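Please read the structure below before turning to the comments.
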Amino acid sequence: MGTRRVLVTGCSSGIGLAVAVRLAKDETKRFKVVATMRDLEKRGPLERAAGDLLNKTLVIQKLDACCEESIKECINSIPNRQVDVLVNNAGIGMIGPLECQSITSMKELFEVNFFGLVRLVKEVLPDMKQRQSGHIVVMSSVMGIQGLLFNDVYSASKFAVEGFCESLAVQAMKFNIKTTLVEPGPVMTEFERKVYEDAEIIDLSQTDEETARIFRDIYLPYSRKVFTTLGQTPEDVAEQTQKVITAQEPPLRHQTNRLYMPMTALKHADPTGRLPLEAFYKMIFKHDTVFNATLGILRMMNRRKGKK
């Protein structure tokens with residue numbers, strides 16, 4: 001297989017930046033990367049990370065996933081409109097009690113996380129079908145497999161992404177097009193930091209006192225512990241993404257964090273849904289000591305893994 005052109009969205013920081021740079025730095029020069037972002041004024045970190053590969057194996061383009069015209073303009077600027085691999089990474093987050101979130105902000109989240117993906121796939125899919133080749137790689141989340149406390153709307157958007165891709169994958173196979181959902185757990189990025197910074201100052205006046213207390217005194221400290229223990233770096237996720245892209249037979253789903261897998265395995269262990277529901281409830285509200293002990297064990301496993 002020759003050089004493949006890879007279009008990556010959301011490359012101003014975090015996972016998108018890490019994926020674009022890793023592919024551009026591939027020693028065997030298997031990729032030409034079109035790294036895109038909505039606001040080109042934020043291109044500085046990507047330019048610095050790309051270094052002398054800029055305008056060689058990596059070019060930066062403007063692309064707003066919420067604008068069909070912007071997507072079309074970007075794809076049309078690529079020679080023969082040839083996108084061999086689409087890495088859909090652009091996304092926004094939202095956490096907090098449901099009563100404190102506006103319908104407008106929920107719609108904005110779906111515009112980026114779900115409809116942004118749909119717009120991109122709608123644009124590149126006909127060309128991939130015509131060429132009888134291609135790979136659609138979507139940055140999903142473990143929250144597309146299993147809902148999480150106070151992540152109702154974000155998780156819903158990722159469930160939508162998973163359903164869309166799983167359905168489309170059947171048709172895509174007929175045209176020799178691969179589909180992969182990359183499912184990270186907690187990732188330590190500027191994206192995540194911003195989401196949690198906003199959560200610290202969220203107006204909780206629209207919800208009851210008990211829900212506000214649970215969010216402020218239980219959920220936020222719980223999340224910080226999980227991120228400290230299980231959090232991956234964007235580079236970790238980029239490495240896993242490259243393996244998926246270069247695999248002979250890429251999987252439909254790929255979880256990047258082995259330490260998080262026991263949490264998602266609960267869902268498949270009980271089709272009624274009671275097991276994961278009760279496990280998460282007890283872990284959060286009833287067995288704080290067990291939760292902390294479990295995180296301690298996972299932290300130790302993580303350190304051992306890092307030393308190998």
Side-chain angles (χ1 to χ4, degrees), residues 88 91 93-99 101 106 109-110 113-115 117-118 121 136-174 177-187 211 214-215 218-219 222-223 225-227 229-232 237 240-241 243-244 247 249-295 297-298 301-302:
N88 184 86
M94 178 186 290
I95 57 174
L98 184 65
E99 306 95 310
Q101 312 290 355
M106 294 178 198
L109 182 139
F110 265 82
N113 293 8
F114 177 68
F115 288 108
L117 164 65
V118 173
V121 172
I136 297 167
V137 179
V138 179
M139 206 56 64
S140 181
S141 168
V142 292
M143 278 186 270
I145 307 170
Q146 190 169 59
L148 195 64
L149 181 69
F150 291 122
N151 283 265
D152 324 275
V153 180
Y154 178 76
S155 186
S157 74
K158 292 302 183 180
F159 265 70
V161 163
E162 295 261 335
F164 172 76
C165 290
E166 188 172 303
S167 300
L168 189 69
V170 179
Q171 179 200 150
M173 281 179 71
K174 178 68 177 170
I177 300 166
K178 313 295 185 187
T179 309
T180 300
L181 288 149
V182 178
E183 299 164 332
V187 184
T211 300
I214 293 167
F215 179 70
I218 298 177
Y219 171 77
Y222 160 92
S223 292
K225 288 176 185 176
V226 170
F227 267 83
T229 303
L230 302 180
Q232 290 183 293
V237 179
Q240 297 276 329
T241 305
K243 286 178 180 176
V244 160
E249 291 295 332
L252 174 62
R253 287 187 170 87
H254 178 74
Q255 290 186 49
T256 66
N257 194 331
R258 295 188 67 83
L259 292 178
Y260 201 91
M261 285 181 183
M263 315 284 263
T264 52
L266 289 172
K267 182 165 186 174
H268 301 294
D270 179 9
T272 72
R274 289 187 63 85
L275 178 62
L277 200 62
E278 290 180 359
F280 274 95
Y281 180 83
K282 289 175 181 175
M283 193 164 56
I284 294 166
F285 294 116
K286 294 194 171 183
H287 301 306
D288 187 53
T289 305
V290 175
F291 169 68
N292 286 323
T294 303
L295 285 183
I297 293 166
L298 291 172
M301 289 170 62
N302 215 2

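The structure displayed is predicted, hence computed values, not measured ones.
In this structure the side chain of T179 never reaches within 4.5 angstrom of the side chain of L168, judged on heavy atoms. Residues T180 and T241 have side chains not in contact (no heavy-atom distance under 4.5 Å, counting atoms from C-beta outward). Between N151 and K158, the closest side-chain pair of non-hydrogen atoms is not below 4.5 Å. No side-chain heavy atom of I95 sits under 4.5 Å from any side-chain heavy atom of S223.
When all heavy atoms of A160 and F110 are compared, the pair lying nearest together is CB-CE2, 4.1 Å. The two residues L275 and D270 make their nearest non-hydrogen contact at N-OD2, 3.0 Å. The minimum heavy-atom distance between P184 and S140, with the atom names listed, is CD-O, 3.5 Å. Of all the heavy atoms in F280 and L148, the pair that sits closest is CE2-CD1, 3.8 Å.
The structure places CD1 of I214 at 4.5 Å from CZ of F285, a figure rounded to the nearest 0.5 Å. Taking OG from S141 and CG from N113, the interatomic distance works out to 10.0 Å, rounded to the nearest 0.5 Å. One finds the CG atom of L266 at 6.0 Å from the CD atom of Q146 (value rounded to the nearest 0.5 Å). Remark: L181 CG to I136 CD1 distance equals 10.5 Å, nearest 0.5 Å. We find the CZ-CD distance between F150 and Q101 to be 10.5 Å, quoted to the nearest 0.5 Å. Remark: L149 CG to S155 OG distance equals 11.0 Å, nearest 0.5 Å.
Screening V237, L230, T264 against N257 for a side chain to side chain contact (heavy atoms under 4.5 Å, CB included) leaves a single residue, L230. Checked options M139, E162, M261; the residue passing with E183 is E162 (criterion: side chain to side chain contact (heavy atoms under 4.5 Å, CB included)).
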Do V226 and Y222 pass the side chain to side chain contact (heavy atoms under 4.5 Å, CB included) test, and can you show the C-alpha distance, the side-chain angles, and the key distance before you say yes or no? CA-CA 6 Å; V226 170; Y222 160 92; 4.2 Å; yes
